[in-house]
Engineer: 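Below you'll find the structure I mean.
When a ligand or atom number is given, it counts from 1 through the structure's own listing order.
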Amino acid sequence: MRYISTRGQASAPDFAAVLLAGLAEDGGLFMPASWPQFSAGDFRAMRGLPYAELAARVMQPFIGPAIPYETLRRLCHESYAGFGHPAVAPLVQLDTNLWTQELFHGPTLAFKDMAMQLLGRLFDHVLNARGEHVTIVGATSGDTGSAAIEACANRDRVNIVILHPHGRTSEVQRRQMTTVQAPNVSNIAVDGTFDDCQDLVKAMFADAPFRQEMHLSAVNSINWARITAQIPYYVAAALALGGPDRDVTFSVPTGNFGNVLAAWAARRIGLPVARLIVGANRNDILARFLDTNDMSMRPVEPSLSPSMDIQVSSNFERLLFELVDRDSVTTAAAMREFRTTGKMPIKDPAWQNACALFQGFRLDDAQTLDEIRALHARTGYLADPHSIIGIAAARAQVGASEIPIIAMATAHPAKFPDAMRQATGITPALPPRLADLYQRDEHYTVLPNDLAAVQSHTRAFARRNAA
Ligand SMILES: *Cc1c(COP(=O)(O)O)cnc(C)c1O
């Protein structure tokens, strides 16, 4: 499978190149040159498969000969073997025609593990074949960093350096990063904000000699491999509820638009999907776009669902590219204008294309707490402040038709003990495998918000591991 850039000036020969490159050279995002197609018969043949088997089958056409199928199967089995539920991504029924798919049974209790566990192994495999090493550098305010660290810890070909703002992440999130004991993991607590951390990472990538010397790489949410690894759970959920012989609707709490884009891709390869609901908190740029074609940036405001506190949903560029029939000139111009003016010009036909499938939904913090409380009172189910947005959006639709709606549960409620206690009076317990998280030793280095200091730390760390 060849890959092309949404901005039309770059391409990649295969999946391995896309995996290692992340962003395309023209600043665009990689997309498959053509969409694989699964027939109804292909889908029916996957019913009842263990998750890892199904995942390998769904991903295979995107990966092609870049990774032999038997290797892919093995990596899928290894990736999901450590999950805390034997079904990996189980469905829980909450009401007539309303289900939630729990994507939080991985090592860091958030859905990012679904893709990241596989990504770490894919990196190792591809680098091993090429005889190369990389240093993955990233900034995090929470979930992404811990999922990346868990995925890369103890991988032979990868060093990982994650910057977080000192004293500004939740204790659960910090401990999930800093208690990982592995020689190839370095946590840096920067005396600064999350934006400072991101600027430091950007500056490291912009320093070409440093980037080459360190073989810098990234695993952020624009990496197409992450999207690929998120398609299978949509297929698994639909098949469990009667697909492909019955439509389903998905409701997805959304930040960078990666998760819901994977749902779109599942539909694009042939899965019958009726609607896609895009859930937002008060940072509702996507809901505003779907309501009124207003794609204008506003300042990011903190909310109870911090992983959705985003104004520039980087994966939206991939949907835009498809909405304009893969016209890369239009896509590139729209992205340029968005960057300079803060408003993305989208012509009405493209917007109507989007509205035919997607619909927006939003909850502010007070509504989020109310919905958590009401769901718990009604069903006994505890949904975290992200997942509840998808569930509340689905509830608003259920009853309008007999199509099953599946709301994606993206984090375990124990990751957000304060909000859960505020809403329900209950402090959800961490799963047994993480029960001693608060007793484990932490490892991190505090550094000033200073590029030279972070670079010299990173260099020394990579050298020590190469020795
Ligand atoms: C990352 C994240 C999201 C947002 O997912 P996107 O793919 O960025 O849209 C939602 N919920 C949780 C808990 C997350 O960690």
Engineer: Short question: side chain of Ser328, backbone of Thr6 - any donor-acceptor pair under 3.5 Å?
Structural biologist: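 Not a single qualifying donor-acceptor pair exists.
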Engineer: Residue by residue, ordered by chain and number, which ones reach under 4.0 Å of ligand 1 with a heavy atom?
Structural biologist: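 If the criterion is a heavy atom under 4.0 Å, then ligand 1 touches Phe111, Lys112, Asp143, Pro253, Thr254, Gly255, Asn256, Phe257, Gly258, Asn259, Ser307, Met308, His386, Thr410, Ala411.
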Engineer: What residues form a salt bridge (Lys or Arg N to Asp or Glu O under 4.0 Å) with Arg440, not counting sequence neighbours?
Structural biologist: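 For Arg440 the salt bridge (Lys or Arg N to Asp or Glu O under 4.0 Å) partners, ignoring immediate neighbours, are Asp436.
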Engineer: If you define the side chain from C-beta out and look only at heavy atoms, does anything of Ser305 sit under 4.5 Å from Ile389?
Structural biologist: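 Result yes, sub-4.5 Å side-chain heavy-atom pair found.
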Engineer: Using a cut-off of 6.0 Å, state whether more than 12 heavy atoms not belonging to Gln93 lie near its atom CD.
Structural biologist: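 Yes - once you tally the heavy atoms of other residues, nucleotides and ligands closer than 6.0 Å, there are more than 12.
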Engineer: Side chains of residues 80-88: which donor-acceptor pairs under 3.5 Å do they make with residues two or more places apart or in other chains?
Structural biologist:
{"unit_1": "Tyr80", "atom_1": "OH", "unit_2": "Met114", "atom_2": "O", "d": "2.6"}
{"unit_1": "His85", "atom_1": "ND1", "unit_2": "Ala87", "atom_2": "N", "d": "3.0"}

Engineer: Under 3.5 Å, which donor-acceptor pairs do the side chains of residues 259-273 form with other protein atoms, sequence neighbours left out?
Structural biologist:
{"unit_1": "Asn259", "atom_1": "OD1", "unit_2": "Tyr233", "atom_2": "OH", "d": "2.6"}
{"unit_1": "Asn259", "atom_1": "OD1", "unit_2": "Tyr234", "atom_2": "OH", "d": "2.9"}
{"unit_1": "Arg267", "atom_1": "NE", "unit_2": "Val273", "atom_2": "O", "d": "3.0"}

